Amino acid sequence: MDMDKIVSLCKRRGFLFQSSEIYGGLNGFWDYGPLGVELKRNLKEAWWRDMVAGHDDISTLPGAPSSYEMVGLDCTIIMHPQVWKVSGHYDLFVDKMVDCRTEGCKGRFRVDHIPSSECPLKPSKCPGAHDKCSLTEPRDFNLMFKTIIGALGGEEDAAFLRPETAQGIFVNFKNVLDSSRVRVPVGIAQIGKSFRNEITPRNFTFRSREFEQMEIEFFCHPSESRKWYEYWRNRRMKWWQDLGLSGSRLLLREHHADELSHYSIGTADIEYAFPFLPEGEFGELEGVAHRGDFDLRSHMEGKLDPNSKPNLQVQLGADGKPVHKGSGRDLTYRDDITNERFTPHVIEPSAGADRGALAILCEAYHEDSAPDDKGELQTRTVMKFHPRIAPVKAAIFPLVKKDGMPEVAQELYRALKKKFPVQYDEKGAVGRRYRRQDEIGTPYCLTIDGQTLTDQTVTLRDRDTLEQVRVKLADVVSEIEQRVSG
Ligand code: ATP
């Protein structure tokens, strides 16, 4: 699979553009075009429907230890700075970076992106374009974007753009429990923008500085957290598979014990073999982590004790050093049936909407051959999106622009448009119209032809099998509806 071809199709057909392109672009920032926005919305809506809105609160889903509830949340991007102090991001959310001193390179690299044979402490080969290199000592770089609140604000009014949506959920745990009558086990879900000042944004949207996350914090009894971890790990893997990311390019990778945080029973990454990675390498789409009671406990008590850093609205102790204090609020949970009080454990499935959309674009890209109007086989580019995710669900063509065909086609177009995104196209030979739709992944094309006018049926052509069947005009809306909902 050729990444350059995918990138060029994305731009040509309006899936993705470089942000601020007319000014030369901005590294690490991407805009979604008319088709890209539909694709990403479909992905986020599928997630929300399957995980939250369509979740069955009262039945036990396959593999789940018991029934559970799911609710949603939408928190602000800028939060009280103490949140980031307590979560550890203020002190610890750093990447180690090195600079190359070599003239003509002057590259900046993340230490963990340099192969170990090219250790920056014993440099032998520059990860840039040079044989010889001279790398600086690694130093910390905090990935949070900083901003100032208020017109007269100074450094003491500094705040941060959230690097993850998760913290908004933890700090609202009590609000949600007190206001919505839900009981543990319960998942709280959020989709939203996150920001990380990545040292080396690259690989198209894979590593961006502004991106969207789809996160669940699932709160459960500590004694059941291992079972819930296994449940979520398997459920999330299956979800990606059901959207069409199946086969050998998708991998569930369980972290080794020595990779885990001290509070964690397990973490698994769901990874995809993106075509820009070297053969055999995978990139993370989603992390599913067992987080114990670390987050709720930190927001109650504050546990971190890193070395003192300059104060940013962060509370100071008598010695003038920052106090790593939690909110002081009680974030424990009392089970009203057993009367037991405990600090719930958390399982966190944290997925990237942009990486998900990118994996779906890569997986969908195919080149094969299809007959043209003269019946000769021609190479075609076809995006084989799952119908649920496809930006345009169907295209409607009158075979010719006469004999009343456009009128019938337009009427059908309007009936379908009320339900989902569809396109009407009457320009050029039908073969070329099919080709245009194949390239944007439209699963079904409907052609109004001479026969339609006599027997009220239309041709329904399937993007993947190229099979053509005749469907009654009156049944088309329900037929397409049923095919795209699966
Ligand atoms: P990586 O190791 O690739 O930097 P991470 O382990 O830091 O990723 P998490 O903190 O677990 O990522 O974030 C959860 C999800 O958010 C990731 O699985 C990914 O899909 C998405 N994500 C994280 N950073 C970025 C980014 N810079 N650009 C796009 N998506 C991202």
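Order of listing sets the numbers, starting from 1, for every ligand and every atom in it. Not measured: the values here are computed from a predicted model.
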Original post:
Nearest protein heavy-atom contact for atom 29 (C) of ligand 1: which residue, which atom, what distance?
Top reply: F206 O, 3.1 Å
Original post:
Would one find an N or O of T205, backbone or side chain, under 3.5 Å from an N or O of ligand 1?
Top reply: no
Original post:
Any idea which protein heavy atom is nearest atom 4 (O) of ligand 1, and the distance to it?
Top reply: R207 NH1, 2.8 Å
Subject >> Proximal atoms of ligand 1 relative to L285 (non-hydrogen, under 4.0 Å) >> reply: 18 (O), 20 (O)
Original post:
Using 30° and 60° as the class limits, which term best fits the ring planes of F173 and F219: parallel, tilted or perpendicular?
Top reply: tilted
Original post:
Which residue and non-hydrogen atom of the protein lie closest to atom 19 (C) of ligand 1, and at what distance in Å?
Top reply: R355 NH1, 3.5 Å
Subject >> Distance from atom 14 (C) of ligand 1 to nearest protein heavy atom, with residue and atom >> reply: S350 OG, 3.0 Å
**OP:** Can you pull out the closest protein heavy atom to atom 22 (N) of ligand 1? Residue, atom name and distance to 0.1 Å, please.
**Re:** F211 CE1, 3.5 Å
**OP:** Would you mind checking which non-hydrogen protein atom is closest to atom 6 (O) of ligand 1, with the distance to 0.1 Å?
**Re:** E284 OE1, 3.2 Å
**OP:** Go through ligand 1 atom by atom and flag the ones less than 4.0 Å from a non-hydrogen atom of R196.
**Re:** 5 (P), 7 (O), 9 (P), 10 (O), 12 (O), 13 (O), 23 (C), 24 (N)
Original post:
Is there any N or O on E215 that sits under 3.5 Å from an N or O of ligand 1?
Top reply: no
Subject >> Per-atom contacts, ligand 1 versus G352 - under 4.0 Å to a heavy atom >> reply: 20 (O), 21 (C)
**OP:** Kindly state whether the ring of Y68 and the ring of F218 have centres lying under 6.0 angstrom apart.
**Re:** yes
Subject >> Donor-acceptor pair, side chain of S327 and main chain of H299, under 3.5 angstrom >> reply: yes
Original post:
Which residue and non-hydrogen atom of the protein lie closest to atom 13 (O) of ligand 1, and at what distance in Å?
Top reply: Q213 NE2, 3.4 Å
Subject >> Exam field: side chain W239 to backbone W47, donor-acceptor pair closer than 3.5 Å >> reply: no
Subject >> Check: G88 main-chain N/O paired with D91 side-chain donor or acceptor under 3.5 Å >> reply: no
**OP:** Give me the ring orientation class for F206 and F274: parallel if the planes are under 30° apart, tilted from 30 to 60°, perpendicular past 60°.
**Re:** perpendicular
Subject >> Residues Q437 and Q423: side-chain donor-acceptor under 3.5 angstrom >> reply: yes
Subject >> Ring geometry between H89 and W84 (parallel below 30°, tilted from 30 to 60°, perpendicular above 60°) >> reply: perpendicular
